[in-house]
Amino acid sequence: MNVSAQDGAVPVSARAPWPFRVPTAFWLIAPAVLFLALFFVFPLLRLVAISLPGGSVEYYEQIFTTPVFLRVIGETFRVSLIVTAVTVAVAYPYAYAMAHGGRTVLLLLTVALLIPFWVSLLLRSFSWIVLLQNSGLINDVLIAMGLIEKPIRLIRTPFGVMIGMVHILLPYAVLPLYTVMKKIDLRLVEASSICGASWLKGFIRIYFPLSLPGVAASAILAFTLALGFYITPALLGSPRDMMIAQMIAGQFNEQLNFGLGAALAVVLMVLTAIAFGLFGAARAVLQSRGRSKDGV
Amino acid sequence: MDRLRRALFWLIVGLTALFLLLPTLIIVPMSFTTTTTLEFPPVGFTLDWYGKVIGAADWQSALINSLVVAIAAAALATVVGTAAALALHAHRFRGKTVVMGLLLSPMVTPVIVLAVGMYMVFSGWGLVATRLGLVLAHTVLAIPFVVVSVLASAGMVNPSLVPASLGLGASRWFTFKRVTLPLIMPGVLSGAVFAFITSWDEVVIALFLADVQTRTVPIMIWNQVRTNLDPATAAVAAILILLSALGVLLSYKFRDVRS
């Protein structure tokens, strides 16, 4: 182990936290890129190829002309939109409390947010089945409160699916909202009330517009994730209210119509990519706004 | 008026927190019920359901499959992902955004799409119904988590430490082992925990790639939930939640070491 004087200058880029020469970067990245090319990109491309046998778009034609498929795609959009709206509406006050409620509140609410985040989707859907079944806790409580006389049907309904989905999406929706809200200066709202504005007016005219980038980011994220849900609708819903992911699985498991299943998968992939592109755009707008504000 | 509004606000926030916690909180108590159906609140107290699960051969083999696959996937994803994250952190190069996008995109691709795509490709390669196939698939899902975690911890390393070590006469390899690696270790380890849990909890891809011999614990749960709900499922769920909690504590501990 000699003093490195003969080795020449320190051979690293200025930011490197390790001591190797620059070409090392290639060898460090190559395994990951190759691995994903082989086991991630290739399967997706394969799906595209299977969906276009001999360059024919027959499967896509079938999807966009058959009422069953159109209904499932429509249902997927409908459920995803409703779930997104409910999720953001529930997430908004929660994120507000996290952002402006002080340290203790922030800690408690963060713990409540992260505990379910760490329990698998499958287990949470299982738990909702137990809670929502006819002899479940929700029905028991409603009966005890005298709101209903006999158990109402909650699982195997779109309502059950939506409860389960909102529960899973909530953490994803709260975090972007919180990030934006904690940067909002509450003195602006105070100033408006000193100037005579009511609480409501201050909120609508000052606070809400400032929080809009967070609303957009969390809505688009929730919507993107909602489109591809499989486990929750399969466990909590009825086959009649099928979403697109279940239909894809069905084509591969039961119908054995791989071409059609692949085409449906490509449709879902494209829809998700579009929704996620919107997410990126919303974030870019948010960041440029932040920058221009810093510049002032 | 103002107080009423405040009370209403905190009521809504409190109910939301309850809504978030409820499903997790009820699982564990339910596994102790003496009834044969899942009840909340549970009736009586018994550990029979745990005994039943631990004694059953199919649960045992599923548990071994899950452990083997999750450990292998976590190891593979950690090595490959850490290397890539280090390079991404330290270098600017053309196509960096594209590489970054590729490394993170498994996180946002609908799992069902991945599952059917891998099913088609892996069946041609003889990887369906093998543990290796599951390991490869779960590694794909886990790489983004490792990359994100290591990038975060590499960003906190003081960049002048490496030149300092070299300047003091240490060899490159020695510097890497004794300076770089210890500093990024918290990120690497918490990435590994994330990767393990990703595989451990994964069900959709496993449904397409596994058979009776290679099925994992989540598949057993899936089958149980779809056929009959009995407290044994809650016992398994409670064990899984305990393990996840342990993993989370570990990953936070790794972060604490740093700060």
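Note: hydrogens, waters and symmetry copies are ignored here, and every other heavy atom, side chains too, is used.
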Toward chain A, the part of B:Ile197 with a non-hydrogen atom under 4.5 Å: side chain

Options A:His167, A:Gln251, A:Met269, A:Arg46, ranked by heavy-atom pairs under 4.5 Å with chain B, top entry: A:His167

When B:Ile12, B:Thr139, B:Leu127 are compared by non-hydrogen pairs under 4.5 Å with chain A, the top option: B:Thr139

Step-by-step side-chain contact (heavy atoms from CB on, under 4.5 Å) determination, B:Leu38 to A:Phe126: CA-CA 11 Å; B:Leu38 276 168; A:Phe126 157 68; 3.6 Å; yes

Closest-packed option against chain A by number of heavy-atom pairs under 4.5 Å, given B:Glu202, B:Met118, B:Gln224, B:Met120: B:Met120

Toward chain B, the part of A:Ile29 with a non-hydrogen atom under 4.5 Å: both

A:Arg156 atom CZ, over 12 foreign heavy atoms within 6.0 Å: yes

Smallest separation among heavy atoms of B:Gly117 and A:Leu47, with atom names: CA-CG, 3.6 Å

Under 4.5 Å from any heavy atom of chain B - which part of A:Ile163: both

Which portion of B:Ser105 sits near chain A, non-hydrogen atoms under 4.5 angstrom: both

Contacting region of B:Leu20 [heavy-atom separation from chain A under 4.5 Å]: both

Interchain contact, A:Val41 with chain B, by part (heavy-atom threshold 4.5 Å): side chain

Per-residue contact mode, A:Val105 against chain B (heavy atom under 4.5 angstrom): side chain

Interchain contact, B:Thr82 with chain A, by part (heavy-atom threshold 4.5 Å): neither

Minimum heavy-atom distance between B:Val13 and A:Pro93, given as atom pair plus value: CG2-O, 3.7 Å

Among B:Gly14, B:Gly81, B:Ala83, residue most engaged with chain A (heavy-atom pairs, under 4.5 Å): B:Ala83

Pair A:Trp199-B:Asp2, side-chain contact (heavy atoms from CB on, under 4.5 Å): steps then yes or no: CA-CA 9 Å; A:Trp199 168 82; B:Asp2 203 47; 5.5 Å; no

Nearest heavy-atom neighbours spanning B:Val80 and A:Ala32: CG1-CA, 3.1 Å

Note, A:Leu225 side chain near B:Val108 side chain (heavy atom, < 4.5 Å): no

Contact summary for B:Trp10 and A:Gly101, nearest pair of heavy atoms: CH2-CA, 4.4 Å

Atom group of B:Val203 that falls short of 4.5 Å from chain A, counting heavy atoms: side chain

Stepwise side-chain contact (heavy atoms from CB on, under 4.5 Å) check, A:Phe40 with B:Thr109: CA-CA 10 Å; A:Phe40 171 66; B:Thr109 310; 3.4 Å; yes

Least distance between heavy atoms, A:Leu131 atom then B:Pro23 atom: CD1-CA, 4.1 Å

Residue part contacting chain A, namely of B:Leu102, when any heavy atom lies under 4.5 Å: both

Under 4.5 Å from a heavy atom of chain B, the part of A:Gln133 involved: side chain

Most contacts with chain A, counted as non-hydrogen pairs under 4.5 angstrom, among B:Leu18, B:Val121, B:Val204, B:Leu141: B:Val121

Interface moiety of A:Phe258 toward chain B, non-hydrogen atoms closer than 4.5 Å: side chain

B:Phe9 versus chain A, the contacting section by heavy-atom distance below 4.5 Å: side chain

Segment of A:Phe39 engaging chain B (4.5 angstrom heavy-atom cut-off): both

Toward chain A, the part of B:Trp125 with a non-hydrogen atom under 4.5 Å: side chain

Part of B:Ala77 lying under 4.5 Å from any heavy atom of chain A: neither

Top contributor to chain B interface from A:Val90, A:Ile248, A:Leu235 [non-hydrogen pairs under 4.5 Å]: A:Leu235

Under 4.5 Å from any heavy atom of chain B - which part of A:Val33: both

Side chain / backbone / both / neither for A:Leu122 at chain B, heavy atoms under 4.5 Å: side chain

Chain A contact via B:Val99 - which portion, at a heavy-atom distance below 4.5 Å: side chain

Structural part of B:Leu103 lying under 4.5 Å from a heavy atom of chain A: both

Proximal component of A:Leu113, with respect to chain B [non-hydrogen, under 4.5 Å]: both

Proximity breakdown for A:Leu38 and chain B, heavy-atom pairs closer than 4.5 Å: both

Region of B:Leu76 that comes under 4.5 Å of a non-hydrogen atom in chain A: side chain

Heavy-atom check, side chain of B:Pro110 versus side chain of A:Leu227, under 4.5 Å: no

Which portion of A:Leu123 sits near chain B, non-hydrogen atoms under 4.5 angstrom: both

Other residues, nucleotides, ligands: >12 heavy atoms within 6.0 Å of B:Tyr119 OH: no

Greatest number of heavy atom pairs closer than 4.5 Å to chain B - which of A:Phe35, A:Phe276, A:Tyr96: A:Phe35

Which portion of A:Ala234 sits near chain B, non-hydrogen atoms under 4.5 angstrom: both

Intermediate values then yes/no, side-chain contact (heavy atoms from CB on, under 4.5 Å), B:Asp201 and A:Leu121: CA-CA 8 Å; B:Asp201 281 341; A:Leu121 225 130; over 6 Å; no

Most chain B-contacting option - heavy-atom pairs closer than 4.5 Å, from A:Ala112, A:Ala262, A:Pro31: A:Ala112

Option that, when pairs with chain B are counted at under 4.5 Å, heavy atom only, ranks first among A:Leu137, A:Leu221, A:Ile244, A:Leu264: A:Leu137

Heavy-atom closest pair, residues B:Ile112 and A:Gly228: CG2-O, 4.5 Å

Most chain B-contacting option - heavy-atom pairs closer than 4.5 Å, from A:Ile129, A:Leu45, A:Leu170: A:Leu170

Engaged part of A:Thr224 at the chain B interface, taking heavy atoms whose separation is under 4.5 Å: neither

